[in-house]
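These notes concern the structure reproduced below.
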Amino acid sequence: MSTFYHSTRSRNESVTSKQAILEGIAADGGLFVRDDIASGAPALDELLSGTYQDRARLVLGHLLDDFSADEIAGCVSAAYGENFDSPAVTPAVRCGDEWVLELWHGPTSAFKDVALQMLPQLMRVAREGDGRRVMIVTATSGDTGKAALEGFADVAGTGVTVFYPDGKVSDVQHLQMATQRGANVAVCAIRGNFDDAQTEVKRIFADGALRERLARENVVLSSANSINVGRLVPQVTYYFDAYAQLAAVGALTPGDPIDFCVPTGNFGDVLAGYYAKLMGLPVRTLVVASNANDVLTDFITTGTYDRRRPFHKTISPSMDILVSSNLERLLFYLSGEDTELVASLMAQLAEEGHYAVPAGLLDRLHETFACGRADDEATRETIRATWEGEHYLVDPHTAVAKHVLDARPADGVARVCLSTASPYKFSADVLAALGHDVAGLDGFACMDRLSELTGTTAPAALSALRSAPVRFSDVVGVADMNGYVERTAKELLA
Ligand SMILES: *Cc1c(COP(=O)(O)O)cnc(C)c1O
């Protein structure tokens with residue numbers, strides 16, 4: 001028996017998880033969700049025994065229950081093997097009185113690999129018996145794009161088009177994408193910021209005429225953004241895994257509460273923690289950490305979401321977001337699965353740029369969620385203090401979360417800071433935070449300097465970018481993204 005998915009905004013369309021993964025977003029513009037995540041979830045002790053891969057099989061088997069056990073097992077072994085440079089996949093490391101969950105041991109050195117090594121496997125299976133070819137279209141603030149390119153490169157029957165904001169990603173992020181290998185990939189900069197790119201990608205998905213023209217070529221558009229349920233679900237695993245790792249070393253006893261602090265942009269990562277809680281993990285608090293783009297901090301504090309504010313370019317660019325797409329899923333669950341309420345809030349956001357949630361919903365939000373912010377200065381200070389105090393090097397995104405977590409009084413409950421990128425992905429900013437002059441140094445000189453200074457080593461794939469040839473240099477305006485997608489879909493999937 002499989003449990004069906006429907007839109008956050010209506011129950012008109014009922015699809016299997018395979019269909020939801022192929023389509024990416026619901027026809028009415030909502031996100032695919034499933035009612036009652038708790039019912040039928042595996043028992044906690046079952047989820048805590050075994051390996052990372054065992055936990056992934058249980059979590060995916062529960063949330064994507066139209067996949068067979070064999071299909072899930074095949075996906076898990078393809079996604080979480082040698083491509084991660086830690087046998088633990090996502091190791092938890094002690095840092096002072098806290099734990100840091102290192103989510104960046106995959107091929108692109110950011111946490112998005114955990115989901116994007118899995119999503120292409122899920123799509124490969126979902127396509128069987130369907131026959132359509134899939135064009136993945138993704139807007140990226142820097143890390144998703146590369147992780148999607150790496151996950152989908154040369155996967156049969158798929159293509160990828162990635163849009164990123166021109167000049168708003170780091171040197172290394174830019175090179176990671178511009179040098180991507182694979183015959184089925186396209187990379188394009190856009191004149192605008194990440195929200196412009198993401199908004200236009202959503203519009204492209206909602207463009208019925210385009211979908212029809214592509215359908216005649218047997219091509220379906222899909223998304224690798226965390227709006228795709230196949231991207232969200234694999235992230236639930238590491239919350240259980242972190243808890244299991246802490247239990248294994250006696251840092252907590254199964255049943256004890258735990259707090260997580262998550263550096264947040266599109267709200268996918270922290271939402272996965274909420275899914276884990278709904279599935280029975282004893283999560284006490286999920287702390288949402290924002291940079292200067294603190295729309296979520298304000299929302300959690302006041303219950304009013306207001307995107308009408310200046311956009312800040314920060315040293316944690318993957319969190320430079322004003323419209324947090326996955327928040328829509330949280331509203332769905334917190335409202336008691338009320339699709340009408342979600343639809344009206346989202347319509348108001350689209351038309352007026354803001355909405356306020358009912359008081360009861362805000363109370364339920366506060367039962368689990370807390371928040372805090374770190375501006376660039378606090379972020380730099382945290383990178384420096386963590387290195388000097390603990391001899392542990394964090395990237396700017398992780399530092400935002402660590403700053404927010406450290407500001408909360410400890411009360412004996414185990415706490416885990418999610419670490420979302422290798423510090424070497426953002427070497428220049430990390431080096432500057434440690435007090436070094438980076439003027440005139442390119443991304444690679446910064447990597448070398450950081451390595452000399454700290455005695456740590458850059459991930460091999462990042463070092464290898466030095467000699468990789470640049471393949472992509474297109475830049476288009478937002479208005480041309482639609483045409484770009486249609487052209488590349490025909491070229492790459494012909
Ligand atoms: C994407 C990203 C984030 C934000 O994750 P969301 O799921 O969008 O909230 C944080 N840090 C890094 C390094 C990222 O790449």
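By convention here, the first residue in the shown sequence is residue 1. Computed from heavy atoms alone, side chains included, the values below leave out hydrogens, waters and symmetry copies. Remember, it's 1-based here, ligands and their atoms both numbered in the order they're listed. Because the structure is a prediction, the values reported are computed rather than measured.
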Candidate list Thr264, Thr297, Thr379, Asp320, test side-chain hydrogen bond (donor to acceptor under 3.5 Å, both in side chains), partner Asn291, passing option: Asp320

Reference residue Val137; test side-chain contact (heavy atoms from CB on, under 4.5 Å); the match among Val160, Thr488, Val201: Val201

Residues Arg364, Glu367: salt bridge by 4.0 Å N-O rule: no

Tyr305 and Tyr355 aromatic ring geometry - parallel, tilted or perpendicular at 30°/60° bounds: parallel

Pairing of Lys425 and Asp143 as salt bridge, 4.0 angstrom limit: yes

Ligand 1: protein residues within heavy-atom distance under 4.0 Å: Phe111, Lys112, Asp143, Pro263, Thr264, Gly265, Asn266, Phe267, Gly268, Asp269, Ser318, Met319, His397, Thr420, Ala421

Partners passing side chain to side chain contact (heavy atoms under 4.5 Å, CB included) against Ala26 (at least two apart in sequence or in another chain): Ser7, Glu13, Asp28, Phe32

